[in-house]
Amino acid sequence: MLVTPLFPFRSALLLGSALPLLALAPQALAQQLNEPPTPISAPDAPVPTNDDQIGFAADALEYDSNQEVVTASGNVQLLREGNRLRADKVVWDRDTGKVEALGNVSLTDAEGNIAYGDRFDVTDTLKDGMVDNMLLVLQSGGRLASATGTRVNGVYTLNRAAYTGCAVEDSKGCPKEPTWQINAVKVIYDPRRERVSYTNANIELFGLPLIPLPGLSHPVGEAGGSGLLMPNLRYDRNNGFEVALPYFFKLAPNRDLTLTPHIYTNALPMLEANYRHLYDRGAYQATGFLTYGSRVATGDSPIGTTPVDAQKDIRGYIDATGAMQLTPEWSLDGSIRFASDRTFLRRYDISRDDRLRSTLGAQRIGDNSYFSIRGWAVQTLRAGDSQGQTPIALPLIDYRLRLKDPLLGGVLQLQANTLAITRTHGQDTQRAFAAAEWNLRTLTGLGQEVTFTGYLRGDVYHSSDNDLTTVDTYAGSPGWQGRGIAAAAFDMRWPFVGEAFGGVQRIAPRIQIVAAPRLANLSLPNEDARAVDLEDSNLFALNRFAGYDRFEDSTRITYGLEYGLDLPDFSLQSIVGQSYRLDSRENILPDGTGLSGRTSDIVGRVTARYKDFISLTHRFRADKDNLAVRRNEVDATVGSKSTYVMVGYLRLNRDADDTLEDLQDREEVRLGGRVQFARFWSVFGSTVIDLTDAKEDPLSAADGYEPVRHRLGVAYEDDCLTLGLTWRRDYVANGDARKGNGFQLRLAFRNIGI
């Protein structure tokens with residue numbers, strides 16, 4: 001073997017760039033793509049020290065001084081500027097500048113992309129050239145192939161070419177046809193624009209011509225670039241057949257815009273726009289929808305409003321979010337969500353949210369401190385809800401400081417909080433408080449985990465228009481009001497841990513005593529503590545109300561038992577408990593919460609897992625008097641990632657006052673599943689059924705079986721293609737968002753850019 005060290009050439013041999021992968025469009029070339037040449041095994045060529053040098057290695061070298069022709073043969077390697085050419089033979093004519101590589105030619109560029117061909121013919125500048133039977137494999141995925149290819153000024157033009165993002169070999173290394181490929185008469189790749197453009201292109205799916213795309217272009221790998229994205233096809237009863245065709249604009253490496261016209265057969269067109277911007281201190285995005293069409297002015301009207309009352313109007317929706325990191329401690333964030341009317345999101349199947357929240361805030365997070373100032377507003381989309389009763393919070397200020405107690409030990413947390421809530425037609429409330437909480441956690445010699453807690457707080461409230469609040473217990477007294485809170489708690493948990501059943505078992509009895517004097521709760525407005533319900537998550541909480549406006553003013557003892565079992569393939573975690581009030585004074589907790597009597601209901605949770613195949617969580621609440629089940633909630637998943645079934649069941653039988661917020665009784669079941677019946681094929685489905693009847697809700701006219709939504713579909717997914725067809729039926733109408741059937745076709749090609 002002859003290995004020649006670096007020596008200067010009048011020009012250097014350079015071929016290759018960040019070109020997308022080639023998959024041959026003509027049938028005769030496809031087989032060659034499936035079997036790319038085996039790379040030549042030879043010592044690496046020396047690395048050049050400058051651009052005028054070329055690293056060279058070969059088995060043999062001939063030089064014709066008369067013709068000025070250099071011929072290298074046998075495991076030839078040429079290296080320049082990070083590009084490596086391998087071939088059986090290389091001929092360089094120094095007079096004409098022509099460089100020809102023959103036999104099992106491959107070229108790896110600096111980015112790791114590999115070009116294969118039978119014959120490479122380039123000029124000595126290596127900027128222009130031609131390749132026969134060309135295959136380029138892109139490092140980021142995908143491949144392009146052509147019968148012939150040329151490169152002029154860095155731009156590649158491929159004739160009778162095809163592109164695919166699919167693998168052309170199976171897991172055993174055997175050739176296979178790609179799931180999809182794009183065939184074209186001509187393909188142009190411009191590395192500077194990082195884009196592939198096609199002439200007379202069509203997409204071939206599973207070997208069958210599917211979609212003609214005469215003006216198709218797409219980015220290379222993840223580089224991005226402007227161009228059309230894959231269309232979305234859908235049908236539903238509200239809008240008829242829908243075609244959405246997104247167009248992506250790459251405005252800069254950190255900014256882009258996507259415009260998507262939605263064309264319907266039963267409605268006027270709609271325009272969707274999405275703008276994204278990433279910068280050195282943060283990011284933000286904004287999405288908007290705009291159309292002109294019929295809407296139902298539900299406002300505060302009843303649910304029975306029909307499309308007969310519809311009117312033509314401008315309709316739309318905006319959803320924007322953003323965040324900015326000013327310093328390692330300070331940050332800003334915000335969001336805007338607003339719809340033109342209450343049925344727009346449901347009508348066009350954008351979202352099923354029934355309340356839209358817009359926020360703005362700043363916060364500082366230190367090692368032992370936290371400061372936040374925020375504001376938010378809510379738009380209700382619920383038929384029958386009054387927008388005038390919907391709160392606007394501005395400002396909400398919260399400050400917390402954590403200190404080590406130098407006297408008794410433990411941790412002391414100081415808090416200051418203020419909130420102002422206003423309504424356009426409802427009660428206005430302002431609140432401020434200062435609080436201190438002390439916690440000391442220690443372990444006894446017997447292994448008991450003991451926690452001591454002390455809590456002090458002073459509140460000041462002011463409210464007006466209290467008579468506009470529909471629930472009297474939420475209104476409080478108008479004008480200025482004050483309250484002082486003091487509470488102390490002792491919490492002891494005694495874990496016993498040992499081997500059992502071939503694993504580790506934990507049994508931990510727990511007891512808590514909380515003492516608090518009687519408080520003036522009902523004289524204060526209640527804005528943030530309206531929904532209260534005893535469950536396993538708040539059983540041992542110092543205050544079992546969700547917010548600050550109500551504090552549980554009782555002396556009580558809470559007792560429970562925690563159990564855990566960890567085996568090699570199985571785990572079980574559970575908790576059960578109850579509380580008892582030691583004082584007999586009147587309680588502000590309403591009936592139906594499980595806390596209204598001196599003895600509370602019994603609550604618990606059981607979570608079991610078997611490998612990654614079974615997951616089960618059961619939450620329950622049993623009546624203290626007759627053990628009737630007041631809450632029965634089950635969430636279970638059985639199966640693997642590819643084939644599984646999910647079951648969710650909820651029954652609330654609390655018998656609560658129906659005027660209280662979020663405490664209405666109901667019963668529902670949720671089912672979902674997926675079955676993979678072939679390597680890439682699966683069927684999936686889900687359903688939500690309302691089982692509420694007069695037993696749970698005396699005011700309900702339901703018969704105990706009211707379907708809410710059904711969904712059923714079939715999907716194909718492999719390494720380069722996602723294809724799905726979904727049928728959905730909605731049974732609940734809301735204004736011009738009518739119930740009925742809908743169909744959606746989802747088609748996504750991977751390794752095609754965006």
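Computed from a predicted structure; not experimentally measured.
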Query raised in the report: Ion pair present between Arg581 and Asp553, side-chain N to carboxylate O less than 4.0 angstrom?
Result: no
Requested in this report: State whether Arg651 and Glu668 are salt-bridged, where the test is any N-O pair (Lys NZ or Arg NE/NH1/NH2 against Asp/Glu carboxylate O) under 4.0 Å.
Outcome: no
Requested in this report: Using the side-chain hydrogen bond (donor to acceptor under 3.5 Å, both in side chains) rule, pick out the option among Arg550, Glu552, Arg483 that qualifies with Asn521.
Outcome: Arg483
Query raised in the report: Would you call Asp528 and Arg431 a salt bridge, taking side-chain N to carboxylate O under 4.0 Å as the test?
Result: yes
Requested in this report: Specify whether His262 and Phe289 have parallel, tilted or perpendicular ring planes, treating 30° as the upper limit for parallel and 60° as the lower limit for perpendicular.
Outcome: tilted
Query raised in the report: Are Asp354 and Arg352 ion-paired here, with the side-chain N under 4.0 Å from a carboxylate O?
Result: no
Query - Polar contact flag, side-chain donor to acceptor under 3.5 angstrom, Thr429-Gln427 - result: yes
Query raised in the report: Any salt bridge between Arg670 and Asp635, counting N to O under 4.0 Å?
Result: yes
Query raised in the report: Are Arg619 and Glu535 within salt-bridge range, i.e. N to O under 4.0 Å?
Result: no
Query - Residues Asp353, Arg355: salt bridge by 4.0 Å N-O rule - result: no
Query raised in the report: Honestly, is Arg255 close enough over Tyr275, meaning NZ or CZ under 6.0 Å from the six-membered ring centre and within 45° of the axis?
Result: no
**Report entry** Under-4.0 Å salt bridge between Arg631 and Asp601
**Finding:** no
Report task. Determine, for Arg728 against Asp730, whether the closest basic-nitrogen to carboxylate-oxygen distance falls under 4.0 angstrom. Result -> yes
Query - Charged N-O contact under 4.0 Å between Asp428 and Arg423 - result: no
